[in-house]
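This report refers to the structure that appears directly beneath it.
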Amino acid sequence: MKEAQLSPTELSVFMDKSYMPLKFIVLTKMEALLNELRQKIIAEIHPVAKTFPPEFDVKTGKITKGENYQTYPYRVLDMPRVFKGNNIFTYRTVVLWGHHISFHLIVAGKYKELLQERLFSVAGGMPDTFCLSKQVSPWEWEFKPEEFIQARALQEPSIQDAVRQSDFIKITFILPLNRYMEMSEVGLQVWKFWQMLVAGKS
C-alpha cells in the first residue's frame, strides 16, 4: 500500500521513543498551571460569589483534556461556568499545542442578554489586546487575525447592532506559548476585568 509509506520525517518521528514521554510531561505541566489558575479564580470569586447567578459553578470549574483539535492536543479550563442548553457563560482558558494560550469570555442565550449592554458600556475601557470574535462558532480555537476585531469596537452602534443579532459573544486575549509560565497570573488579571462586569461593579 503505497499511500501508507512514511516520509523520512514521519519515520523519524515514528521511531523517536522520547517524543511521547516528553509530550506527556509537557501536558501534565500545562494541566498543573491550569489548576493553579483555577484555584486563583476560585479565591478571587469567593468574596463576591453571592453576586453571581446561583446556577454558576464558581467553586470547582472543569479541566478538560483533548488530543485532536485539528490534529493538535489541547487542555481547557472552564472557570467559572454554566452550560444549560443554549444558555452559556464560561471563562475559558485554552492551551493549544503549537499555537497559543487563549483566554475567552463566552456568553450565549440569557447570559448574553444579561451582559451585552454592560459590555457595550465598558468597551471603551477594554485593553486593546482584547479581541471580539467574528467567527461563526464560539468553539473555534485557532487565532486567525482576520476573524477578530478589537473589542473596543463594541462602542460602535453598527457593531452593537451586529452583536445583538448574533447568538453569542466571544472576547479573546492571546498569550504566546513561550510565556506559558505567566498563564495563571495573566489569566487571573483578565478574569478580574470580567468579574467586575458580572458582579455589576464595572
Side-chain angles (χ1 to χ4, degrees), residues 1-41 57 60-86 88-109 129-151 166-188 190-191 194:
M1 242 176 95
K2 189 173 181 181
E3 58 269 25
Q5 185 173 346
L6 298 176
S7 70
T9 301
E10 291 163 346
L11 181 59
S12 175
V13 172
F14 189 39
M15 294 175 65
D16 185 354
K17 289 189 286 188
S18 69
Y19 176 77
M20 295 305 289
L22 284 171
K23 175 189 168 196
F24 177 82
I25 290 169
V26 168
L27 291 175
T28 299
K29 290 181 177 181
M30 294 305 103
E31 290 164 28
L33 290 171
L34 285 172
N35 188 55
E36 181 180 328
L37 173 58
R38 183 176 72 93
Q39 296 297 337
K40 286 182 177 181
I41 293 174
D57 171 10
T60 58
K62 183 179 181 181
I63 294 177
T64 303
K65 304 177 184 181
E67 294 297 323
N68 188 21
Y69 179 79
Q70 309 292 349
T71 75
Y72 300 103
Y74 60 91
R75 295 295 183 266
V76 168
L77 168 66
D78 288 299
M79 178 68 213
R81 66 188 183 116
V82 57
F83 292 88
K84 289 186 177 291
N86 293 327
I88 296 167
F89 176 103
T90 186
Y91 177 57
R92 173 167 285 198
T93 303
V94 180
V95 181
L96 183 59
W97 188 281
H99 289 72
H100 44 63
I101 299 161
S102 50
F103 307 93
H104 312 269
L105 177 74
I106 301 171
V107 291
T129 49
F130 280 22
C131 299
L132 176 68
S133 170
K134 300 190 297 179
Q135 297 163 318
V136 297
S137 164
W139 314 119
E140 299 180 30
W141 309 120
E142 290 186 85
F143 185 76
K144 300 175 182 177
E146 66 274 15
E147 295 180 346
F148 290 84
I149 59 174
Q150 272 198 341
S166 176
D167 292 331
F168 68 92
I169 300 172
K170 174 182 174 183
I171 299 178
T172 294
F173 176 82
I174 297 293
L175 184 71
L177 282 180
N178 62 4
R179 293 174 60 188
Y180 69 94
M181 285 299 292
E182 301 173 49
M183 186 193 311
S184 66
E185 187 54 40
V186 172
L188 177 64
V190 174
W191 167 249
W194 300 130

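Heads up: numbering here begins at 1 and tracks the sequence.
For the atom pair NE2 of His104 and SG of Cys131, the computed distance is 10.5 Å after rounding to the nearest 0.5 Å. One distance of note links CG of Leu77 with OG1 of Thr64; it measures 8.5 Å at 0.5 Å rounding. Distance check: Met30 CE to Lys65 NZ gives 13.5 Å after rounding to the nearest 0.5 Å. Taken to the nearest 0.5 Å, the CD1 atom of Ile171 stands 12.0 Å off from the CD atom of Gln150.
Checked against a 6.0 Å centroid threshold, the rings of Phe130 and Trp194 count as neighbours. Annotation: His99 is not in aromatic contact with Trp141 [ring centroid separation under 6.0 Å not met].
Considering only heavy atoms from C-beta on, Ile101 comes within 4.5 Å of Thr93 through its side chain. You'll find the side chain of Val107 stays beyond 4.5 Å of the side chain of Ile88, heavy atoms only. At a threshold of 4.5 Å between non-hydrogen side-chain atoms, the residues Lys62 and Met79 do not count as touching. In this structure, the side chains of Val190 and Leu188 stay at 4.5 Å or more apart for every pair of heavy atoms. In this structure, the side chains of Asn35 and Ile63 come closer than 4.5 Å at one or more pairs of heavy atoms. Under the 4.5 Å side-chain criterion, counting only non-hydrogen atoms from C-beta, Ser102 is not in contact with Phe173. Counting only heavy atoms from C-beta outward, the side chains of Phe89 and Ile106 never approach each other to under 4.5 Å. Counting only heavy atoms from C-beta outward, the side chains of Thr90 and Val82 never approach each other to under 4.5 Å.
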- [ ] List the steps, then state whether side chain to side chain contact (heavy atoms under 4.5 Å, CB included) holds for Asp16 with Tyr19.
- [x] CA-CA 6 Å; Asp16 185 354; Tyr19 176 77; 4.2 Å; yes
Task: Lys40 and Glu185: CA distance, side-chain angles, deciding distance, side chain to side chain contact (heavy atoms under 4.5 Å, CB included) verdict - done: CA-CA 8 Å; Lys40 286 182 177 181; Glu185 187 54 40; 3.6 Å; yes
TODO: Test side chain to side chain contact (heavy atoms under 4.5 Å, CB included) on Leu132 and Thr172 and set out the steps.
DONE: CA-CA 6 Å; Leu132 176 68; Thr172 294; over 6 Å; no
Open item on the list: Phe168 vs Asn86, test: side chain to side chain contact (heavy atoms under 4.5 Å, CB included). Steps then yes/no.
Closed with: CA-CA 10 Å; Phe168 68 92; Asn86 293 327; over 6 Å; no
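Residues Glu182 and Leu175 come closest through the heavy atom pair C-CD2, 4.3 Å. The two residues Glu142 and Leu96 make their nearest non-hydrogen contact at CG-CD2, 4.1 Å. Between Ser184 and Glu36, the shortest heavy-atom contact is OG-OE2, 2.8 Å.
Ring pair Tyr91/Trp191 is tilted by interplanar angle, where 30° to 60° counts as tilted.
The backbone N or O of Leu27 sits nowhere less than 3.5 Å from a side-chain atom of Arg75 that would complete a donor-acceptor pair. With hydrogens and angles disregarded, a donor-acceptor distance shorter than 3.5 Å links the side chain of Glu10 to the backbone of Ser7. Judged by distance alone, with hydrogens and angles left aside, the side-chain atoms of Thr28 form a donor-acceptor pair with the main-chain N or O of Phe24 at under 3.5 Å.
Not counting sequence neighbours, the partners of Lys23 by the side-chain hydrogen bond (donor to acceptor under 3.5 Å, both in side chains) test are Glu67. In this view, Thr71 satisfies the side-chain hydrogen bond (donor to acceptor under 3.5 Å, both in side chains) rule with no residue, not counting sequence neighbours. Listed by chain and number, the residues in a ring-ring contact (aromatic ring centres under 6.0 Å, His included) with Phe148 are Phe143 (sequence neighbours excluded). Listed by chain and residue number, Ser133, Glu147, Lys170 satisfy the side-chain hydrogen bond (donor to acceptor under 3.5 Å, both in side chains) test with Gln135 (two or more places apart in sequence, or in another chain). Evaluation of the ring-ring contact (aromatic ring centres under 6.0 Å, His included) rule for His100 yields no partner, not counting sequence neighbours. Residues satisfying the side-chain hydrogen bond (donor to acceptor under 3.5 Å, both in side chains) test with Ser137, not counting sequence neighbours, are none.
With a 6.0 Å radius and a threshold of 12 heavy atoms from other residues, nucleotides or ligands, Tyr180 has its OH atom at or below the threshold.
Between Arg92 and Asp78, at least one side-chain N (NZ, or NE/NH1/NH2) sits under 4.0 Å from a carboxylate O, which counts as a salt bridge.
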